[in-house]
Structures are given as C-alpha cells and as structure tokens.
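One structure is given here, and the rest of the page talks about it.
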2 protein chains.
Amino acid sequence: MLQTEETFMIQSEILCQSPIFRGISPDELLHLFGQIHYQVKTYQKNELITIGGEICDRLLIIQRGSVKAEMNDYSGKTIKIEDIEAPRPLATAFLFGKENRFPVTVSANTEVEIVSVPKPEFVKLLQLNSLILNNYLNTISSRAQFLSQKLKFLSFKTIRQKIAHYLLEMAGDRLHTVEIPQSQGQLAEMFGVTRPSLARALGEMSQEGLIETDRRYIKILDKNRMNQLLKS
Amino acid sequence: MLQTEETFMIQSEILCQSPIFRGISPDELLHLFGQIHYQVKTYQKNELITIGGEICDRLLIIQRGSVKAEMNDYSGKTIKIEDIEAPRPLATAFLFGKENRFPVTVSANTEVEIVSVPKPEFVKLLQLNSLILNNYLNTISSRAQFLSQKLKFLSFKTIRQKIAHYLLEMAGDRLHTVEIPQSQGQLAEMFGVTRPSLARALGEMSQEGLIETDRRYIKILDKNRMNQLLKS
DNA sequence: TTCGGTTTGTAACATTTGATACATTTACAA
DNA sequence: TTGTAAATGTATCAAATGTTACAAACCGAA
C-alpha cells in the first residue's frame with residue numbers, strides 16, 4: 001500500500017537547516033507552520049515526485065532522503081542535472097514567474113519525505129518573516145546562478161574541455177588526485193556524452209601525460225596544459 | 001568626452017513599464033525613488049556595460065536603448081544569449097545569492113541610458129512596496145525559467161533538431177514563413193555552431209522537402225516531420 | 001548602372017563523437 | 001577461493017560537425 005498521500009509531521013529541527021529557513025529557531029518555525037496549511041508526503045525509492053512540464057504551484061522541501069533531478073530532451077533521453085538532499089528545497093525558482101512548470105523530472109534516490117507548501121501559503125510565510133524572504137531571494141538567485149554555470153559548462157565543445165573544466169573545479173587549488181563521486185558512466189551522463197567516448201578521452205589525455213587515471217581516481221599531472229585546453 | 005559618469009534624470013513614465021515596477025504609477029515611482037540613492041548613466045554604442053565575472057552589487061535598468069548579453073567561454077568565443085531593451089532590468093538574478101558576479105558580458109547595441117540602484121537601496125524599495133517585491137520575485141523566477149529553457153535548447157544534439165525547435169517556436173501555430181531576425185551567421189552563433197554547418201543543414205532539410213529557404217525567409221513545409229525530428 | 005563589401009551557398013577534407021561490440025578488471029558474495 | 005555481475009578499457013566503423021576555401025547572390029553607395 002502506497003503511503004504517498006499520508007500526512008506526517010514536519011521536523012522543524014531539520015527544516016530550520018534548510019536554506020530557506022536558515023536562522024529561524026525550530027520553535028519559531030513550528031509556530032510559523034502552525035499559521036499555514038501544508039502537507040508532508042513520502043515517496044518510495046525511484047518513485048516520481050515531479051514530471052517535467054507539470055504545474056508548479058507549491059514549494060517542495062526535502063525533509064528526509066535524496067532525490068535526482070533530470071532534464072529530458074525531446075528524444076526521450078535524460079541528462080542528469082543534480083542530486084538534491086534533505087533539507088534542501090525543490091523548484092524554488094519556479095513558484096513565481098510566467099511559466100510555472102517544473103523544468104525537470106524529479107525522482108526519489110532513496111525513500112524520501114517531502115514537505116509541500118502551496119504557493120499562497122508560502123507567500124504568507126514571506127510576509128510573516130523577513131528573514132525567510134531574504135533567504136528565499138538568496139536561494140532563488142543562487143538557483144539562477146547555478147543554471148548559468150550549467151549553461152557555461154555545456155558551452156564547452158569537446159569532451160576534453162569538459163573533463164579539464166570538471167577536474168580543475170574539483171581539484172581547486174590542490175594538484176592532488178580527484179575522486180569521481182560516482183561511476184564513470186554517471187559522469188558521462190552528466191557530461192551528456194557516451195561512456196566509451198569519455199573513457200577514450202580519458203585514455204588519450206592519460207597517454208599525453210596530462211593526467212593519470214586509476215579507475216575512479218584521476219591525478220592531474222600538468223595543470224598548465226589543462227588550463228590551456230580550456231582556452232584553445 | 002565620455003558621458004558615462006554624468007547623471008541624468010530617471011523617466012518614471014518609462015520605468016513604471018519595467019517588469020519590476022509594473023503597476024506602480026509614475027508619480028508613486030518618483031516618490032519611491034526620492035527615498036533612495038541611485039545613478040543614471042549613458043553608454044555609447046558598443047561600449048561595455050558589464051563584464052562577465054564582475055561584481056554585481058547594484059540593479060541595472062535600461063531606461064533607453066538596447067543592449068546585448070553574451071557569455072564567453074574559455075576559448076574567447078562568445079555565445080550570444082539575448083538582446084535586452086528598455087525598460088527591462090539587467091542581472092536581476094545576480095543581486096542576491098552566493099556568487100554575486102555578472103555571468104554575462106553586456107554591451108550597448110545602441111546608445112543606452114541605464115538606471116543603477118545599489119543593492120541596499122533596492123532592498124529598501126522591496127520593503128517599501130510589496131508590489132515591487134512581488135514583481136521582483138516574478139522577474140527573478142522568469143529569469144531562472146529562461147535559463148532553464150536555454151539549457152533545454154542546448155540539449156538538442158543535432159543542428160537539425162535545433163533548427164526544427166527554433167522554427168516551430170518562431171512559427172507558433174501558423175504554417176507560414178519564418179523570417180530570421182538577423183543574419184544566418186548570427187543564428188549559427190546563437191546555436192553554437194559554425195555558419196557553413198548551419199547552411200548545410202538548412203540545405204539538406206530543404207532538399208528533403210522539410211522546408212523551403214529563400215535567404216532569410218524559411219517556409220515550413222512539413223510540420224509533422226519537423227516535430228518527429230525532435231522526438232527521434 | 002557599377003563597384004565593393006557583406007551575406008549566402010557549396011564543396012572537400014579533417015576531427016570529434018556516437019554506436020556497438022567485446023575483452024578485461026574489479027567488487028562482492030556464496 | 002570462486003563465481004557472477006558490474007564497471008572499465010579498447011577497438012572499429014559510421015555519422016555529424018568543424019575547418020577552410022571559394023563562388024555566387026545580394027545590398028547599398030558612388
């Protein structure tokens with residue numbers, strides 16, 4: 001029996017660590033939520049939470065678990081955008097604006113618990129508490145910035161450039177070994193390329209002395225040439 | 001002699017048509033602006049207004065003229081993002097959030113006049129008037145939605161798909177001829193492909209009876225097959 | 001009209017990537 | 001240890017696009 005529609009309690013100690021409620025005390029948050037209507041739903045692993053194109057008229061906040069956001073192009077293929085974990089909110093940038101539709105399809109990585117606040121109720125929250133308003137403005141702006149970064153990443157033409165950009169970003173200032181968080185196949189998916197192509201590019205870069213690969217561990221050998229890759 | 005630093009008057013009749021000040025009367029707007037500090041600057045054609053990466057600590061609103069937003073990848077090439085005309089605001093989504101830097105380089109298409117409001121002063125406006133707040137939330141959200149759309153567009157793999165998507169969007173419901181706003185080269189730039197490749201794709205689609213091209217005018221002949229292109 | 005610069009059409013070739021297949025290695029559990 | 005499934009490395013071929021070059025068509029000014 002599905003629990004999807006069953007209502008659970010919010011956990012204010014967790015929610016107040018959410019970007020939107022940061023700085024609010026658990027007690028204060030409980031008091032605020034006492035003044036509005038909301039739902040708490042649970043989803044099983046792999047269950048769909050939102051479908052790209054669906055109307056977005058409520059704010060979703062993950063209270064427990066982790067979800068996966070994917071964008072599906074017209075060909076039916078999906079490009080993984082990101083993983084989102086508790087206590088982060090979903091679809092913050094699509095509550096307002098002209099086209100109130102989810103741009104991505106979201107599915108549960110694990111069993112998740114999601115707090116659902118209808119838009120009018122959330123507007124009440126924004127009016128009740130200026131800290132929440134400020135947090136929301138920051139969240140929504142960071143969202144746009146994230147999308148902007150994604151756009152920049154997709155502007156890299158070659159796989160080598162994508163690899164170079166990714167590794168340099170992961171490595172930061174260090175010249176150390178980078179560990180790919182998940183599998184090579186998932187990295188390829190994130191890059192929007194096929195796995196063999198990614199492996200080939202990694203192999204070539206390895207042969208040329210740019211990097212050293214050992215399965216999930218990649219060591220940057222020549223940071224200068226990596227940077228030049230991005231500029232040519 | 002450059003006029004860049006010279007201060008002009010705001011034109012409240014124009015500004016109140018801006019998405020951010022929609023619904024505010026010119027008089028009310030003048031009153032609101034009387035309570036904050038701001039600047040009005042002019043830029044000559046082709047003059048740089050912001051550079052990608054520069055700190056964004058003020059809201060910019062175009063009062064007169066038109067600007068061009070471009071994103072430059074590491075290779076020095078630029079991808080044109082969009083044209084923005086008076087009385088639209090610039091960089092609305094980058095005033096708040098973590099990384100307060102302009103994601104794009106903006107330059108003047110024509111001689112432009114720009115109202116510059118420092119962030120703290122703009123926050124005052126948001127607190128003074130709830131209509132402005134609501135407008136701003138809508139604007140910033142629409143911005144994220146626009147970026148999301150761009151992302152989706154870039155997810156099209158083949159040039160044919162990009163052409164199909166572009167033409168179908170331009171044509172809307174009609175089956176009529178679409179006129180490319182600018183040159184074919186600029187369209188190629190927007191697609192992130194080279195001009196000969198775009199011309200070749202157009203030529204092939206023309207040969208196959210999908211479209212009929214006459215320089216800047218493109219007639220959609222087979223809408224069904226065009227739609228199928230996006231799904232295969 | 002004629003000229004010169006810009007835009008567009010087209011071709012040949014090089015490069016990159018996708019698709020597919022298969023061998024190898026690894027991880028994990030029986 | 002051994003067996004099995006998943007992840008990875010590699011190869012081959014096809015498809016798509018970039019690169020470069022040049023000719024043709026267009027446009028505006030003299």
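FYI, side chains are in, hydrogens and waters are out, and symmetry mates aren't considered; it's all heavy atoms of this structure. Reminder, nothing fancy here: chain letters follow the sequence lines and each chain counts from 1.
Atom CD of Q207(B) sits in a sparse spot, with 12 or fewer heavy atoms from other residues, nucleotides or ligands closer than 6.0 Å.
Residue-to-nucleotide contacts include no donor-acceptor pair under 3.5 Å from the side chain of R195(A) to the base of dG18(C).
To the nearest 0.5 Å, atoms CZ (R143(B)) and NZ (K98(A)) are separated by 10.5 Å.
Of the charged side-chain nitrogens involved, none lies within less than 4.0 Å of a carboxylate oxygen, so that E47(B) and K41(B) do not count as a salt-bridged pair.
Taking the six-membered ring for Trp and thresholds of 30 and 60 degrees, H165(A) and F156(A) have ring planes inclined between 30 and 60 degrees apart.
Between D214(B) atom CG and dC26(D) atom C1' there is a gap of 11 Å when expressed in whole angstrom units. Nucleotide dT8(C) holds its C1' atom 17 Å from the CD atom of E189(B), rounded to whole Å. Put simply, NZ on K157(B) is 10 Å from C1' on dG18(C), counting in whole angstrom units. At whole-Å resolution of the value, CG in L187(A) and C1' in dT8(D) are 13 Å apart. Atom-to-atom, CD of E212(B) to P of dT8(C) comes out at 18 Å; the value is rounded to the nearest Å.
Closest to the side chain of I159(A), from the set dG18(C), dT8(D), dG18(D), is dG18(C). Distance from the side chain of A199(B) is smallest to dT10(C) among dT10(C), dC26(D), dA7(D). Out of dA16(D), dT8(C), dT10(D), the shortest distance to the side chain of T158(B) is found at dA16(D).
At the phosphate of dA6(D), neither OP1 nor OP2 sits under 4.0 Å from any side-chain N or O atom of Q184(A).
The residue S197(B) sits close to a base: some heavy atom pair falls under 4.0 Å. Residue contacts for L202(A): at a heavy-atom cut-off of 4.0 Å it reaches no nucleic acid atom on any strand shown. Note on T194(B): a base of the nucleic acid sits closer than 4.0 angstrom, heavy atoms only.
Comparing A201(A) and R200(B) by the nucleotide of DNA chain C that holds the closest heavy atom to each, the one mapping nearer the 5' end is R200(B).
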